[in-house]
Novice: 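Sharing a structure, written as structure tokens. Questions coming.
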Number of protein chains: 2
Amino acid sequence: MTDSQEPLIQIGKLAKQLAITTRTIRYYEEIGLMGPSKRLSGCARSYNQDDVLRLKFILKLKELGISLKEMLDLAESFDTHNQDFDTITPRVLEILDLHIGKVDDKIAKLASLRSVIVNYRSRISELLQSQSTA
Amino acid sequence: MTDSQEPLIQIGKLAKQLAITTRTIRYYEEIGLMGPSKRLSGCARSYNQDDVLRLKFILKLKELGISLKEMLDLAESFDTHNQDFDTITPRVLEILDLHIGKVDDKIAKLASLRSVIVNYRSRISELLQSQSTA
DNA sequence: CATATGCCTTCCCTTTACGTAAACTTACTC
DNA sequence: GAGTAAGTTTACGTAAAGGGAAGGCATATG
Ligand SMILES: [Zn+2]
Ligand SMILES: [Zn+2]
Ligand SMILES: [Zn+2]
Ligand SMILES: [Zn+2]
């Protein structure tokens, strides 16, 4: 959709808009997550609506705990201009499922940790009791 | 209990026993998690039963996701031999309570993260459905 | 013109939990 | 006495995700 005469935005504004730093945006480009950005006359990076959507998608996945490296595996699915959902989203679903599993594992481990700490706490507490009453 | 004539074990054997590397054990000593180890004649590190228990406890907590830095906060509570509970345990209880709180926070955050991922997943899944039926 | 932004690139810094030599002792064994 | 195995210290390397500073263009404005 956003191909020829669309509004272009510069890196500083984009960063502020998404509450990240310009360094982060350049870094994503550096590792190939954002693709080489088009430059204005003075070499300044410019972003169109597709780019913004892509970056928003990256941030969304990051928020969900997906690593940048994992996103690189998914690189094709970041093309918001491509509407071929049949081939693209199944992989995203796979990765999301994998992450749900990981999160479940972490929750289980933390719950177990909690009971370990609580047990330890009560053992010490008991010792303290018997000490003060002796 | 394990004070004078107890079996001493060397670093290589201990590492193999716990399925870690000697580097890991030395590293824990280096950052102060394990305390300076007693040496044999030839400067070789030796470990008694208390040391082994301490290391096992460290590995247990690590397995549960506690960072080495966090363990350093809990350092005093690792002394399985110290019986001076009057002065020590109140502080330990404080620290443990604090960590129980932290763990609860982490659990809550992960639970919320999980639902976010699940929601996102189902939105994508729906897109896929409507695509294939169209 | 001078100053102030905003952008550019390059490069080193940071944290965590070790891995991996390099160079050397000590001990056991043939 | 040479070899092998296990120990020692010192010290540089690694991944992840950027942070932050140095030094240099370009533009806007008083
Ligand atoms: Zn477009
Ligand atoms: Zn992952
Ligand atoms: Zn003892
Ligand atoms: Zn904690």
Side-chain angles (χ1 to χ4, degrees), chain A residues 8-48 51-52 54-75 78 95 99 102 106 109, chain B residues 7-48 51-52 54-75 78 102 106:
Chain A
L8 295 179
I9 189 176
Q10 242 165 306
I11 194 169
K13 213 162 189 176
L14 179 55
K16 191 162 291 177
Q17 196 180 94
L18 301 183
I20 58 181
T21 69
T22 61
R23 174 68 171 106
T24 296
I25 299 178
R26 290 197 197 97
Y27 178 64
Y28 290 171
E29 179 179 335
E30 186 184 328
I31 66 174
L33 252 188
M34 276 299 286
S37 48
K38 306 99 201 171
R39 304 307 181 93
L40 296 179
S41 49
C43 273
R45 288 171 175 81
S46 71
Y47 302 93
N48 67 14
D51 300 327
V52 173
R54 186 189 180 100
L55 183 49
K56 277 186 181 173
F57 190 41
I58 291 173
L59 294 177
K60 182 74 183 175
L61 291 189
K62 202 193 91 174
E63 192 188 328
L64 298 181
I66 293 177
S67 75
L68 303 187
K69 196 192 245 177
E70 278 177 314
M71 293 185 207
L72 283 173
D73 294 345
L74 277 174
F78 285 90
I95 293 205
H99 271 263
K102 279 188 187 174
K106 277 190 189 173
K109 281 191 176 180
Chain B
L8 294 181
I9 187 175
Q10 238 163 311
I11 194 167
K13 212 162 189 176
L14 179 54
K16 192 161 290 180
Q17 196 178 101
L18 302 184
I20 58 180
T21 69
T22 61
R23 174 65 170 109
T24 296
I25 298 178
R26 290 197 196 95
Y27 178 66
Y28 290 170
E29 179 179 336
E30 185 184 329
I31 65 174
L33 251 187
M34 276 299 286
S37 48
K38 306 99 200 168
R39 303 307 181 94
L40 298 178
S41 48
C43 274
R45 288 170 174 81
S46 72
Y47 302 94
N48 67 15
D51 300 327
V52 174
R54 185 189 180 102
L55 183 49
K56 277 186 181 173
F57 190 42
I58 290 173
L59 295 177
K60 179 78 181 175
L61 292 190
K62 202 193 89 172
E63 189 188 333
L64 297 178
I66 296 240
S67 75
L68 302 186
K69 197 192 245 177
E70 274 178 316
M71 294 185 206
L72 283 173
D73 294 344
L74 278 172
F78 284 93
K102 277 190 188 175
K106 278 188 186 172

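The chains referred to below are lettered A, B, ... by the order of the sequence lines, with proteins before strands, and numbering in each begins at 1.
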Novice: Starting at CD1 of A:Ile25 and ending at P of C:dT9, how long is that distance when rounded to a whole Å?
Specialist: 13 Å
Novice: Determine the contact category for A:Thr22: base if any of its heavy atoms lies under 4.0 Å from a base atom, sugar-phosphate if only primed atoms, P, OP1 or OP2 are that close, otherwise nothing.
Specialist: nothing
Novice: I want to check one thing: is the phosphate of D:dG19, taken as OP1 and OP2, less than 4.0 Å away from some side-chain N or O of A:Thr21?
Specialist: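 Checking D:dG19 against A:Thr21, a side-chain N or O does come within under 4.0 Å of OP1 or OP2.
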Novice: So, the side chain of A:Thr22 versus the backbone of A:Gly12: is there a donor-acceptor pair under 3.5 Å, distance only?
Specialist: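 It does not hold such a pair.
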Novice: Assess whether one donor atom and one acceptor atom, taken from the side chain of B:Arg23 and the base of C:dT20, lie less than 3.5 Å apart.
Specialist: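 Such a pair is found, so the answer is yes.
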Novice: Whole angstrom is fine here: how far is it from CE in B:Met71 over to C1' in C:dA17?
Specialist: 11 Å
Novice: When the nearest nucleotide of DNA chain D is assigned to A:Leu68 and to B:Gly12 on a heavy-atom basis, which residue is associated with the more 5' position?
Specialist: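 Between the two, 5'-proximity favours B:Gly12.
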Novice: Measure the distance from CG on B:Leu40 to P on C:dC28 and round it to the nearest whole Å.
Specialist: 11 Å
Novice: Let's see if you can work this out: which of D:dG7, D:dA17, C:dC8 has an atom nearest to the side-chain heavy atoms of B:Arg26?
Specialist: D:dG7
Novice: Keeping A:Arg26 on the side-chain end and A:Thr21 on the backbone end, is there a donor-acceptor pair under 3.5 Å?
Specialist: no
Novice: Kindly compute the distance separating CG (A:Leu72) from CD1 (A:Ile58), expressed to the nearest 0.5 Å.
Specialist: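 Output value for this atom pair is 8.5 Å.
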Novice: Would you indicate what B:Ile11 reaches in the nucleic acid, counting non-hydrogen atoms under 4.0 angstrom: base, sugar-phosphate, or nothing?
Specialist: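 Sugar-phosphate, backbone atoms only, no base.
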Novice: Answer with base, sugar-phosphate or nothing: what part of the nucleic acid does A:Lys62 contact at a heavy-atom distance below 4.0 Å?
Specialist: sugar-phosphate
Novice: C:dC8, OP1 or OP2 - any side-chain N/O from A:Arg45 closer than 4.0 Å?
Specialist: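 Yes.
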Novice: For a quick test of reading the model: is some side-chain N or O of A:Tyr28 closer than 4.0 Å to OP1 or OP2 of D:dG18?
Specialist: yes
Novice: Once you round it to whole Å, what is the distance between C1' of D:dG7 and CZ of B:Arg39?
Specialist: 10 Å
Novice: Measure the shortest side-chain to side-chain distance between A:Gln10 and A:Leu40 over non-hydrogen atoms and say whether it is less than 4.5 angstrom.
Specialist: yes
Novice: Would you kindly give the CG-to-P distance between A:Leu8 and C:dC7, to the nearest whole Å?
Specialist: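 Rounded to whole Å, this separation is 14 Å.
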Novice: Let me know the distance between OH of B:Tyr47 and P of D:dG7, rounded to the nearest Å.
Specialist: 10 Å
Novice: Quick check for you: among D:dG18, D:dG7, C:dC7, whose closest atom lies nearest to any side-chain atom of A:Tyr27?
Specialist: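 Looking only at side-chain atoms, A:Tyr27 lies closest to D:dG18.
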Novice: If each of B:Lys69 and A:Lys13 is mapped to the nucleotide of DNA chain C with the nearest heavy atom, which maps nearer the 5' terminus, i.e. the 5' end?
Specialist: A:Lys13
Novice: Check the distance between D:dA15's C1' and A:Glu30's CD and give it to me in whole angstrom.
Specialist: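 Going from CD in A:Glu30 over to C1' in D:dA15 covers 14 Å.
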Novice: Rounded off to whole Å, could you give me the CD-to-P distance for the A:Glu63 and D:dA17 pair?
Specialist: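 Taking atom P of D:dA17 as the reference, CD of A:Glu63 is at 15 Å.
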Novice: Between B:Glu30 and B:Arg23, is the closest basic N to carboxylate O distance under 4.0 Å?
Specialist: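 A salt bridge links B:Arg23 with B:Glu30.
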